[in-house]
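Note that the coordinates shown come from a computational prediction; the quantities given were computed from them, not determined experimentally. Values below: every heavy atom of this structure, side chains too, minus hydrogens, waters and symmetry copies.
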Amino acid sequence: MEGTVLDPAGGAPGATSASVMHRVRGVWRRKWVMLGVALAVTALTAAWTLRQPRIYAASTSLIIDVTAPRILDGEVKEVMGEERSNYWFNKEYYATQSEIITSRAVASRVVDRLGLAKDAAFLGLPANLDPAERAKALEGADAVGLLRSRIQVVPGKDSRVMNIGVEDVDPARAALLSNEVAAAYMAENLALKLRTTEEARTWLEGRLDELGRQSKSDEMAVYDLKKDADMLSTSLESRLSIVSERINSYNLKLTEVQTRIAAQQARVDAIHRLRKDAGNDETWAEAVPGAKDGPIQDLKSRYGEQKAACAELTERYLPEHPKLLECNRKLEVVRADLLKSLTNVVRSAETQLVEAQGEEKNLNKLLDAAKAEAFQVNKKAIEYGRLQRESDNTQRLYELVLKRLKDIELSGLLRTSNVRVLDAAQPVMVPVRPHTRRNLMVGWVMGLLLGLGVALFLEMLENTVGSQADVEDVLGLAFLGVVPRMEATKAPGDRDLYVHRAPRSAVAECCRAVRTNLLFMSPDHPCKTLVVTSSGPQEGKSTTCINLGVAMAQSGNRVLLLDTDMRRPRLHRAFGVPNDLGISSLVVGEGSLDRAVKSTEVPNLFVLPCGPLPPNPAELLHTRAFKELLRQAGEKFDRIILDSPPLNAVVDAAVLATQADGVVMVLKAGRTDRGAAKRALRSLADVQARMFGAILNDVDLRQPRYGDTYLGYQGYGPTQDEPKGGVAPS
């Protein structure tokens, strides 16, 4: 016998095309919800759109150049007149102009010019306001902010054109405001230029005064330095040249003196050596340089003559002779004069040496003084140069600032602007808002999307088993078939034996389809014992069990229905048989199987009631006697169907599943919780029960969700033999 022993509670391994189509069908089933939400959103959008005031727009086109027209000479630069051709500069420039147009400064000009702060129509105040309330509302209104919120600046593509648009409830006022905003922007642009020029002029005037005072101070510093350096008649360069010439002259003179000193020193040294070497010889002086001068030479001649005369007298006279004595006396006088003259020559040489040395000393003093004066003049020249440079720099700055001030004063007299009007705004009688058609289309699309979201949300909230896709994809079970909903009847017998009493009804046809699916699951080894259970009570388990037994009996099989629900048995009431002897009695050894089995009005269909309710049903089903009961029943009947209790309520069904060939799960459409079904299947998987599949019970074929799938069950074949009325299965 074939079936599945996999873990069915795990559900489908992943999303399949069937599950996707199931979601799509689930959403389509709620198409009226989607349509209702879409219509509601569209209606709300239409109501909101119709309640909105009509807004009109007007636009003024301006041409904005980067610089104003050049009227003055190119040498005269304006404060804000720098020309640029860089792409990014132009982009930033026009973005800045857009900000200026929408600024509070421009809006304030328009508000002040048109008196919009007191205009109730512009501020949107009701006309029937009390004067006090009107005054209070006008005081608290922000006309500037309101106007700014209505201004839109749209730059022209690849051009210098700027479009200023203004929106208002009055088309004429929209055009007026647009033109006034353009005029206010031009005025603000010019005022900004003038303010900047005025600020620059004020700053330059202050700087000019400061530079004037600084220039005077620098000139006085130069004058004081020239006065201190005695530079009134000559310049520092001339004075430095004079000092340099003096130093050169002193150097030359010093060199000459030093040369003369060297010569005189050599002469004196020679005289001293001669005197030292001569000893007492008075004639040493004759070798002195300069001794051959005229006067000395005369004295030497006289001395020689006198000496010769004395020598001659010595030969003639005795030493004591008066003539000889007189001659000797004259000779001594001449000799003394000669020696005195020679001594004077030596003294003259020494005096000349001392004189030359004194001259050298004086020349050194003069040279040092000249050098000191030269250093002082150089220092003064450096200080003078620094002061002169400062004075020149200050003077240049003064002249530059003065020139720039004159340029700004001249440019400030101009009233040229780089902005001019291309097209003035005209009233447009077609409103720009609200866009009725667009709003309705957007509302319809948003409504459809919202409706789709609501449908998806409702589908996601759907947590019950309601279709074949739920059985196969969510629970992972084989789908055996559906049992349509039976219409309510008064007689309980008609409800339980609906298939027998209405064999050509849709319910009977569906039960036969389930029977066929079960038999063809394993045609070589047909199932003998079958447990029918559910996850919870009131899901149609017992009714499905009876209908399935009737369908199998109608095929010629001997079928035995076992009421193994020993807590709330129903089969004996459904067939109207006594319950005094049944399964509980046979398990404890009371009575026989033939006596306990009851026949029914359905041919080949028999029922074995539960019997007296035992205190321990689960333990009773575990006994060997119960297994023996199943074996004996199997020998006498072709099919045995066990009606068991719900799986999540008690463990009886799990116990029975281990003793039967397979299990069939009954799921009530739209009521059985998916989580509860998974828990029930988990308990069956824990005991390694063999699952044949699931039956979807109580399916309302009139619902749209089942109309496409089970359309053949609704209107095909005659239904005249159906009982009047029916009940929903329990």
query: Should V597 and F637 count as side-chain neighbours, where that means a heavy-atom distance under 4.5 Å?
result: yes
task: Kindly compute the distance separating CG (L548) from CG (L518), expressed to the nearest 0.5 Å.
output: 6.0 Å
query: So, does D168 use its side chain to make a donor-acceptor pair with the main chain of D170 at under 3.5 Å?
result: yes
R54 (side chain) donor-acceptor with Q52 (main chain) under 3.5 angstrom: yes
task: Measure the spacing between CD of E628 and CG of L630 and express it to the nearest 0.5 Å.
output: 9.5 Å
query: Is the backbone N or O of A596 less than 3.5 Å from a side-chain atom of K598, with the two atoms forming a donor-acceptor pair by type?
result: yes
query: Side chains of H622 and V655: closer than 4.5 Å at any heavy-atom pair?
result: yes
- prompt: What closest approach, in Å, do A553 and N604 show between heavy atoms, and which atom pair accounts for it?
  reply: O-ND2, 3.7 Å
Donor-acceptor contact present, side-chain T623 to main-chain E619, <3.5 Å: no
query: Within a strict 4.5 Å, meaning less than it, do heavy atoms of the L608 and L593 side chains meet?
result: yes
message: When you measure from the side chain of N579 to the backbone of G611, do you find a donor-acceptor pair of N or O atoms at a distance under 3.5 Å?
response: yes
- prompt: Would you say D563's side chain and R570's backbone share a donor-acceptor pair under 3.5 angstrom?
  reply: yes
message: With a 3.5 Å distance limit and no angle check, can you tell me whether N648 reaches the backbone of A676 through a side-chain donor-acceptor pair?
response: yes
message: Has D661 got a side-chain atom pairing as donor or acceptor with T529's backbone, closer than 3.5 angstrom?
response: yes
Test item: I641 and C545 side chains (from C-beta on) under 4.5 Å apart, heavy atoms: yes
message: Whether the D652 and S644 side chains hold a donor-acceptor pair (N or O, under 3.5 Å, no angle test) is what I'd like checked.
response: no
message: Check this for me: R631, atom CZ, are more than 12 non-hydrogen atoms of other residues, nucleotides or ligands nearer than 6.0 Å?
response: yes
field: Distance (rounded to the nearest 0.5 Å) between R512 CZ and N517 CG
entry: 13.5 Å
query: Taking atom CZ of F692 and atom CG of L530, what is their separation to the nearest 0.5 Å?
result: 6.5 Å
task: Output yes when a side-chain donor or acceptor of R148 lies under 3.5 Å from a complementary backbone atom of T102, and no otherwise.
output: yes
Without placing hydrogens or testing angles, list every side-chain donor-acceptor pair under 3.5 Å for residues 580-590, not counting sequence neighbours.
residue, atom, partner, partner atom, Å
S584, OG, C610, O, 3.3
S584, OG, P612, O, 2.7

task: Could you tell me whether K528 and E635 make a salt bridge, using a distance below 4.0 angstrom between a side-chain N and a carboxylate O?
output: no
task: Show the numbers, then the answer: is there a side chain to side chain contact (heavy atoms under 4.5 Å, CB included) between D638 and V559?
output: CA-CA 6 Å; D638 298 325; V559 181; over 6 Å; no
message: Within this structure, what is the CG-OG1 distance for the pair L647 and T533, rounded to the nearest 0.5 Å?
response: 3.5 Å
query: Does R568 CZ have over 12 foreign heavy atoms under 6.0 Å away?
result: no
query: Can any side-chain N or O of S555 pair as donor or acceptor with the backbone N or O of M552 at less than 3.5 Å?
result: yes
Where A174 and Y56 come nearest, the two heavy atoms and their spacing: CB-O, 3.9 Å
query: Is there a side-chain contact between M665 and I695, using heavy atoms and a 4.5 Å cut-off?
result: no
Over all atoms of both residues, closest heavy-atom pair of F626 and L620: CB-O, 3.8 Å
Side-chain donor-acceptor pairs under 3.5 Å in residues 437-455, sequence neighbours left out?
residue, atom, partner, partner atom, Å
R438, NH2, H435, NE2, 3.4
N439, ND2, T49, OG1, 3.4
N439, ND2, H435, O, 3.3

- request: Kindly indicate whether the side chain of D643, heavy atoms from C-beta on, has any atom under 4.5 Å from the side chain of L562.
  value: no
- request: Check whether any side-chain heavy atom of P569 sits under 4.5 Å from a side-chain heavy atom of L613, and report yes or no.
  value: yes
message: Does any part of the side chain of L497, heavy atoms only, come nearer than 4.5 Å to the side chain of F575, both counted from C-beta?
response: yes
field: Salt-bridge present (K636, D594; N to O < 4.0 Å)
entry: yes
Short N-O contact, D698 and R671, less than 4.0 angstrom: no
query: About how many Å separate CD of Q659 and CG of L629, when rounded to the nearest 0.5 Å?
result: 10.0 Å
task: Taking all non-hydrogen atoms of both residues into account, name the closest pair between V666 and E539 and its distance.
output: O-OE1, 3.3 Å
task: Identify the two heavy atoms, one from G540 and one from N697, that lie closest to each other, and give their separation to 0.1 Å.
output: CA-ND2, 3.2 Å
Audit row: L146, L123, side chain to side chain contact (heavy atoms under 4.5 Å, CB included) steps and yes/no: CA-CA 8 Å; L146 182 59; L123 297 176; 4.0 Å; yes
task: Not counting sequence neighbours, list each pair that qualifies as a salt bridge (Lys or Arg N to Asp or Glu O under 4.0 Å) and has a residue in residues 34-44.
output: none
field: Heavy-atom closest contact (V699 atom, A669 atom, distance)
entry: CG2-CB, 3.9 Å
- request: Carefully, step by step, assess L667 and V471 under the rule side chain to side chain contact (heavy atoms under 4.5 Å, CB included).
  value: CA-CA 9 Å; L667 306 170; V471 175; 3.9 Å; yes
query: Thinking salt bridges, do R433 and E167 make one under a 4.0 Å N-O criterion?
result: yes
message: As a quick check of understanding, evaluate side chain to side chain contact (heavy atoms under 4.5 Å, CB included) for V531 and V664, giving each step before the final call.
response: CA-CA 6 Å; V531 176; V664 172; over 6 Å; no
